[in-house]
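Lettering follows sequence order; numbering is per chain, from 1.
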Amino acid sequence: MHFSKLFIPTLKESPADAEVISHKLMVRAGMIRQLASGIYSILPLGLRVLRKVEQIIRDEMNQIGGQEVFLPSIQPAELWVESKRWDFYGKELLRIKDRHGREFCYGPTHEEVITDIVRREIKSYRQLPILLYQIQTKFRDEVRPRFGIMRGREFMMKDAYSFHADEKDTQHTYHQMAKAYTNIFERCGLRFKQVQADSGTIGGSFSHEFAVLADSGEDEIGFCESCGYASNLEMAESKPPSPSTAPSTPQDIKEVETPGKKSVKEVAGFLNLPAHQIVKTILLENENGRVAGLVRGDHEINLVKMKNLIGCEWLQPAGEEAFSKKPELHRGYIGPVGLDLPVYADREISVLHDFVTGANKPSAHFTGVQVQRDLKIKEFGDIRTVQAKDPCPRCEDGKYQVKRGIEVGHIFILGTKYSSAMKAVFLDQHGKENAMIMGCYGIGVGRTAAAAIEQNNDERGIIWPRNLAPFQVIIIPVNYSNSDLNNACDTIYNRLQEAGIETLLDDRSDRLGVKLKDADLMGIPLQIIIGPKNLSAGQVEIKVRKTNESSLHPYPQVIEDIPNILKDL
RNA sequence: CGGGACGUGGCGCAGCCUGGUUAGCGUACUUGACUGGGGGUCAAGUGGUCGGAGGUUCAAAUCCUCUCGUCCCGACCA
C-alpha cells in the first residue's frame, strides 16, 4: 500500500482527553477516533490490527472445533425476561423499542440468543457437544467508559458458547478453551497470566480470567512465583492462620474512651497498639438485610469472597440510611460485641486474643476482647483481600505478589443456569430429559490490541508485536521523487508484496524526519530506509523498530533476507 | 451513581478572575520560494464568533441561571 493513498491521520500531540498510553497512541497513530463517550470509529490502520487479532482468535477457535456464527445484536426482550436478566442486568443493558413499541435490547452478550437457537435445533445427546462462536459488536452502557477502546460501551468481542451432555465433557472443552486462549495471547505477543476469577453477573461454577500485566490495568492480580498459583485479587485465597496459643490469663473486656478516634489508624495510635490488634467491623447489606463483616485492622474486607461465603445474591457496604435508621450504630464505633446482626468473621480473627473493637456507642472502644468469650460469630471464613507478601495458600514458602492486569479474556462454566431457565434440554441415552450444561468464553478484541500497546511502546510510539502489526515492513525513501530511489523502492515493494509480506511504501513528499516519526509512531516492526548516498554505494538501511538498531545491507540482495530478519523479530 | 475538572478554528492551548478595539499563540492545512538523512526556513493565505439556551448590561468568550457534552477519582465488566 502507498502511504499517500491511505487514510492514516497521524497527530503530533495527544488529545487532551486521553489518559492511558494505548489510548493516546491509538489516536495519534490514526487508528481510532472518538464519536461519543466510550464509542469509537475504527480507522483503516486500527482495523488492520483488529483483524489480525480476530484472525488469530478464529484460527484457534477453529482448531478446537469451534464453528463461527453471527448472531443479531438487536435482541427481543422476551428472551431476556425468560432468563430473568431483563430486570437483573440493570442499566447496563441498552433498551430500545421498535416502531410498534415492542421492546428490544442491544446485546451486551449473547447467552440468551445462542441458547434459544440451540434449544430449538438440538434435541439429542447425539448432537452434543457443540461449540459456537462469533466475533461481533457488543453494547454495554457502562457507568464509566474510559481508557479509549479498552473500556468502551460499544466494543468488539469474541464470544463462544458450548453445550454439553455432561459435566465431564464440559470440563474437557473448558480446558481446551483455556489452552486455546493461552495460544491466542501468546501469538498476540502478550505477557499475561491465567488467573482464577469470580464468575460475576453471568453466574456459574468456575471461571478463569486472562490478564495482561500492565500498570494501567483495572484489575489486581495476586500470584505466587514459586508454585504459579494466580488469582484475581477479588478471589485470591488466603492461607489459613496457624493456631496461636491463648495467653494463660486473657484480659477482661474493658470499655475505654476514644473520642474522635474512628479509623483503625487513629485508634491504634491512641491506644498504642499495632493495627492487627484492632478488629474492624464493616456494616453491609444484602438481599436479606444487614450483616456485619469482621477483619483485622491491617486487612481489607473482600466483598466478593464474603458474598460467596454467605451465598447471597449481592452484597454491598451499608448506605448512609442504614446508620440513620439505627441510632445505636455509630460510624467508627461499631463493634461485634452484642451486635444484633449476623456476624461473619475472617479466619484470622479466630486466632486473635485481647483485641480491640468498637463499643457500639460514640467515642468508645472495647479492649481485651476475646473471640470465644465475647463474640457471637455466625461463620468464620476467608473474607479478607490478600496483600503482597502474604503467604501463598498453595505452597510452603511462596509469597503473594500483586500486580495490575487488564482482563482480555474470561472463560466460564455456566452449568445449567441458562439452559434450565430457557428449557434447553436434550434426551440422553436412556431417553431421559436433561438440561444442557453450558460454558461461555469471551475475548475483548479491541482490548487485546490496546493491551498489546500498553505492554509494547516507547517514547516514540507503538512497538507492535509482529503478529499484530498492521504492516510488517515500511519502506521509507529519503526522497521518493528521486528516480533512483523511486526505482529501488518500487522494486523492493513489489518483491515483498509478491512474497506475501504486508508492506507500506511511504511515497509522501514530506521530509525524511516526518516519515520516520510516523513510522515509529505506527510501530511497524521493520523500516527500510533508502537514501541516495547509501543506494549509490549499493546499500539500504534496515532499522528494527523495537531495538532502534539499524544496519546497512547490500541492495538488491537484501530483499531475499527480509523474511528471515522478520522471523527473528 | 457520588466527588472533581473542563468545553475557544482539525489538534494542543492562552484570554475569563478585574466585561469594552478586527478573539490570540503553536501546530495542521493552501500557495510560492528555498531546502532535503529525524516533525526544516521564509513569505503570503484559508479556517473560529468562543458547546447550547436564557438572563444581567450601553456592551458578554469574560458575570449569573439552566442545559448538553467530555474527561478524571471511587462501587461494576471483554
Side-chain angles (χ1 to χ4, degrees), chain A residues 9-20 23-24 27-28 30 33-39 53 57 89-92 108-110 135-160 181 197-202 207 209-212 217-219 232 234 303-304 314-317 319-320 406-412 440-451 460-461 476-482 485 508-521 527 529-535 540-541 543 548 550:
Chain A
T10 60
L11 255 32
K12 277 190 183 176
E13 289 180 285
S14 302
D17 53 16
E19 194 69 15
V20 297
H23 185 194
K24 289 179 182 172
V27 174
R28 284 193 53 208
R33 287 293 184 265
Q34 184 180 50
L35 181 64
S37 177
I39 302 179
V53 177
I57 293 172
Y89 218 96
K91 288 188 177 170
E92 227 169 274
T109 171
H110 281 70
I135 296 174
Q136 204 235 22
T137 351
K138 300 282 189 270
F139 195 96
R140 295 185 189 173
D141 203 352
E142 292 271 354
V143 206
R144 184 146 111 76
R146 61 182 135 176
F147 301 158
I149 211 179
M150 212 140 63
R151 173 189 291 278
R153 291 193 292 172
E154 182 173 320
F155 59 98
M156 196 69 84
M157 177 171 156
K158 186 281 301 186
D159 47 326
Y181 271 43
D198 186 49
S199 44
T201 322
I202 296 182
S207 152
E209 284 175 9
F210 289 77
V212 169
E218 297 181 86
D219 288 345
N232 191 307
E234 66 184 19
L303 294 189
V304 172
W314 54 269
L315 183 68
Q316 62 183 35
E320 211 48 60
I406 302 164
E407 181 190 354
V408 290
H410 202 157
I411 58 179
F412 296 89
C440 83
Y441 320 90
I443 292 179
V445 175
R447 188 181 279 188
T448 299
R460 298 194 308 273
I476 306 171
V478 168
N479 183 350
Y480 191 62
S481 56
N482 171 308
L485 299 190
R508 296 177 298 174
S509 57
D510 293 82
R511 297 168 68 93
L512 180 68
V514 175
K515 294 187 270 197
L516 291 172
K517 290 282 185 200
D518 275 346
D520 286 344
L521 178 61
Q527 302 173 2
I529 302 158
I530 302 174
K533 292 196 195 82
N534 286 333
L535 190 63
V540 295
E541 177 183 341
K543 199 177 92 181
N548 203 32
S550 62

Using atom [atom1] in both nucleotides, what's the gap between [N] and [M] to the nearest angstrom?
| N | M | atom1 | result |
| --- | --- | --- | --- |
| G10(B) | C72(B) | C1' | 24 Å |
| C13(B) | G55(B) | P | 33 Å |
| G4(B) | A14(B) | C1' | 23 Å |
| C11(B) | A75(B) | C1' | 35 Å |
| A43(B) | A28(B) | P | 15 Å |
| A61(B) | G2(B) | P | 33 Å |
| A60(B) | G45(B) | C1' | 31 Å |
| C58(B) | A53(B) | C1' | 23 Å |

Using a heavy-atom cut-off of under 4.0 Å over every strand shown, decide if [X] touches base, sugar-phosphate, or nothing.
| X | result |
| --- | --- |
| Asp159(A) | nothing |
| Ser509(A) | base |
| Met156(A) | nothing |

Consider the side chain of [X], meaning its heavy atoms from C-beta on, and name the nucleotide among [options] that approaches it most closely.
| X | options | result |
| --- | --- | --- |
| Arg447(A) | C1(B), C77(B), G36(B) | C77(B) |
| Asp520(A) | C77(B), A75(B), G38(B) | G38(B) |
| Glu92(A) | G36(B), C76(B), G39(B) | C76(B) |
| Arg151(A) | A78(B), G26(B), C13(B) | A78(B) |
| Glu13(A) | G12(B), C72(B), G38(B) | G12(B) |
| Arg28(A) | G39(B), A78(B), U70(B) | G39(B) |
| Asp219(A) | G38(B), C77(B), A28(B) | C77(B) |
| Ser37(A) | C1(B), U70(B), G36(B) | U70(B) |
| Gln34(A) | C72(B), C13(B), U70(B) | U70(B) |

message: Quiz question: going by heavy-atom distance under 3.5 Å, is there a donor-acceptor pair between the base of G38(B) and the side chain of Lys543(A)?
response: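 In this structure, the two groups form a donor-acceptor pair.
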message: Go nucleotide by nucleotide along RNA chain B from the 5' end; which of Lys91(A) and Ile149(A) gets its closest nucleotide reached first?
response: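 With Lys91(A) and Ile149(A) compared, the 5'-side residue is Lys91(A).
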- prompt: Pick the nucleotide of RNA chain B nearest each of Asn548(A) and Pro15(A); which residue has the one closer to the 5' end?
  reply: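 Nearest-nucleotide comparison on RNA chain B picks Pro15(A).
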